[in-house]
Amino acid sequence: MPTPADVLEALLFASDTPLELERIREVLELPDARAARALMDELRARYEASSGALTILEVGGGFRLVTRPALAPWLVRLARARTRARLSRPALETLAIVGYKQPVSRPEVDAIRGVNSEAVLDNLLERRLLRIAGRKDAPGRPFLYETTREFLVAFGLRDVGDLPKVEGELIVPELASVTDHGEAAAQQDPGAGGADVPAGG
Amino acid sequence: MPTPADVLEALLFASDTPLELERIREVLELPDARAARALMDELRARYEASSGALTILEVGGGFRLVTRPALAPWLVRLARARTRARLSRPALETLAIVGYKQPVSRPEVDAIRGVNSEAVLDNLLERRLLRIAGRKDAPGRPFLYETTREFLVAFGLRDVGDLPKVEGELIVPELASVTDHGEAAAQQDPGAGGADVPAGG
Amino acid sequence: MTADGPAPDTLAPSRDLTLRVGTFEGPLDLLLHLCRTSEIDLAHLPVRTITDQYLAHLEAVEFRDLETAGAYLVMAATLIYLKSKLLVPPDPSETELLDEEGLALRQELEARLREYARVKTLGAWLATREAEQALLWGRPGSGLPPAEEIPLEDLSVHLLERAVRRLIEDQQRLRPREVEPNPPSVLERMTEILSLLRDTWSLLFSSLAGGERRRSEVVVTLLAVLELVRLGRIRTQQTELFGEIVIERQTASPAEEPTRADAS
């Protein structure tokens, strides 16, 4: 007779998307999400205690079973041809903008990057890292973009709250003169390099 | 530092085809297939000793990591829970249109929803909630869609006449005026596969 | 961080050209690079230095397409304009003095640069996360029974009812517009363009009319742009026939300050 932890292990193993606590609760008929979380903790402890090849990751609103990073060299050999196309710098910057400003329209992304972002956005839609969240009530009724769960999984984030706080990095001193130009002008960067973002956040 | 058995476990986990002894030998740089077999026996013994959810199967000239048969019922439950959850808003909308207006063609569904519905329709065909009822006598001779018996069963209906009456009429726009609209065809439905959109959203 | 060059997923046809541009992803990127290499404080931008450096680099840049070229040139024009607003004759030891408008423009530029710097840093952070995740392997494909083999559980018919209601409501809301196409008025569009230009000093026509390629929308937008040009509220540039139109804010309207027209 399989234990609940065994069932959970099987669910994790068979699931190709992050497994949500709610789903675990439902399948195992647990009273609430807390009970599901407790069971997950039990299984994670078991995995951490045994030093096997696998580990459990909390990502994209759920949990995934993955190989430990130390095993990557051998896996690369196994999947000789496996080359996950890395994202380009424009793609990463566009994701960064959408990540912390979502939902955001193309004209807004264009304005921040200073260049046309249509092709990059299309590409990210196609990769399912972004999706359309609706239309903005603005000239041309442009599409609004937001990040997907795929985005969270690709970057190992539990949710968008895991993104480092960039806004909070700014110190906002009292500005004597210009009041006309609103928040943009009122934000003062501590220095030239001032955009450092702490990892982990 | 991972042991050879850990590496083997990772290879089994990440491999999408049965893993051959020769392949194991190659990746782990073992002297011969016998050494690979010995390592496999070691890992299998480890799996049999622990009564977890997974087991190693020798199949098709290689080895696979699979869930134990006793766990199958829970996997079916998970799959079912996910299938249900995956009837995204676009999917429900499309089902509703076909349900109330059948038989209806894809351009008509597109016109009502204002977005390309190809992926959603394909998905619903695959789930057997819809089927193709023929072709419409119209430019391009598009397929006509109608609901299936599975659709009725899934929604607990005796026949489509059981669908609740709603106030107002869902209008199928004249397609002549719609084709010039262009935008409908250019835009892919973001919720196509619906994986990210919870039911009833 | 990934290599500075574009990865395979960028636009294929423009790749070679992009590489020759160097590693800059646009005018802000170039400007930021100049600030970083000269250790310039993004909160105190030396207009003269940065303009001269920008123009010097611009000559070496090979543009990937006309639109990108336009974006670089708009920035160049802005910098030149800003430089022309410096009040005192050049004296490197003095802090630069600008009039109120120039000050505001410079602060806006500084704010944009800082924002872009943050975006860049966050992009680099994402790149390291991506690299970390590339070391992890999940299961290839789903181990669950395929969807078509899973009998569906009962779904509430109310879900369908709700969906169809929503659609009908949408149609009823939109119908007047459908029957009698009623594009936004030129005046409305003019107001919208001006309000967008409060947040940024340049816009691409395609991004204004791009969301929905309805002819009527494009026409109204074009009329609005022409009217704003006539009123001296905006400037436009189109580097080539059928090329991208760049819309810029015209800070001082000739109607209010007729003398400015000669200066620019």
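Numbers restart at 1 for each chain; the letters A, B, ... are given by sequence-line order, proteins then strands.
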With a sphere of 6.0 Å drawn around [atom1] of [X], does it hold more than 12 non-hydrogen atoms of other residues, nucleotides or ligands?
X: A:R158; atom1: CZ; result: no
X: B:D159; atom1: CG; result: yes
X: B:R68; atom1: CZ; result: yes
X: B:E22; atom1: CD; result: yes
X: B:R135; atom1: CZ; result: yes

Which of these, A:D6, A:L8, A:V27, sits in a side-chain contact (heavy atoms from CB on, under 4.5 Å) with B:W74?
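Only one option passes, and that is A:V27.
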Please determine, among A:L11, A:T67, A:L125, A:L130, the option with the most heavy-atom pairs under 4.5 Å with chain B.
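Result: the option with the highest number of such pairs is A:L11.
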Go through the atoms of A:L19 and report whether side chain, backbone, both or neither lie under 4.5 Å from a heavy atom of chain B.
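Only the side chain of A:L19 comes within 4.5 Å of chain B.
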Select one option (side chain, backbone, both, neither) describing which atoms of A:R46 are under 4.5 Å from chain B's heavy atoms.
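The side chain, not the backbone.
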If every non-hydrogen atom of A:A10 is compared with every non-hydrogen atom of B:L75, which pair is closest and at what distance?
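It is O-CD2, 3.7 Å.
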Regarding A:E26 and B:R80, does a basic nitrogen lie under 4.0 Å from an acidic carboxylate oxygen?
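Not counted as a salt bridge, because no side-chain N and carboxylate O are separated by less than 4.0 Å.
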What are the residues of residues 53-61 of chain B, in order of number, with any heavy atom under 4.5 angstrom from a heavy atom of chain A?
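Interface residues of residues 53-61 of chain B: B:A53, B:L54.
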Chain A contacts: which residues in residues 37-45 of chain B have a non-hydrogen atom closer than 4.5 Å to it?
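Not one residue of residues 37-45 of chain B has a heavy atom under 4.5 Å from chain A.
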For the interface with chain A, which of B:T3, B:V66, B:I24, B:L65 has the highest count of heavy-atom pairs at distances below 4.5 Å?
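Heavy-atom pairs under 4.5 Å are most numerous for B:L65.
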Judged by atom type as modelled, is there a donor-acceptor pair below 3.5 Å linking the side chain of A:R23 to the main-chain atoms of B:L78?
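Flag not set: sc A:R23 to bb B:L78 has no pair under 3.5 Å.
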If you measure from CZ on B:R77 to CD on A:E29, what distance do you get to the nearest 0.5 Å?
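Between atom CZ of B:R77 and atom CD of A:E29 there are 4.0 Å.
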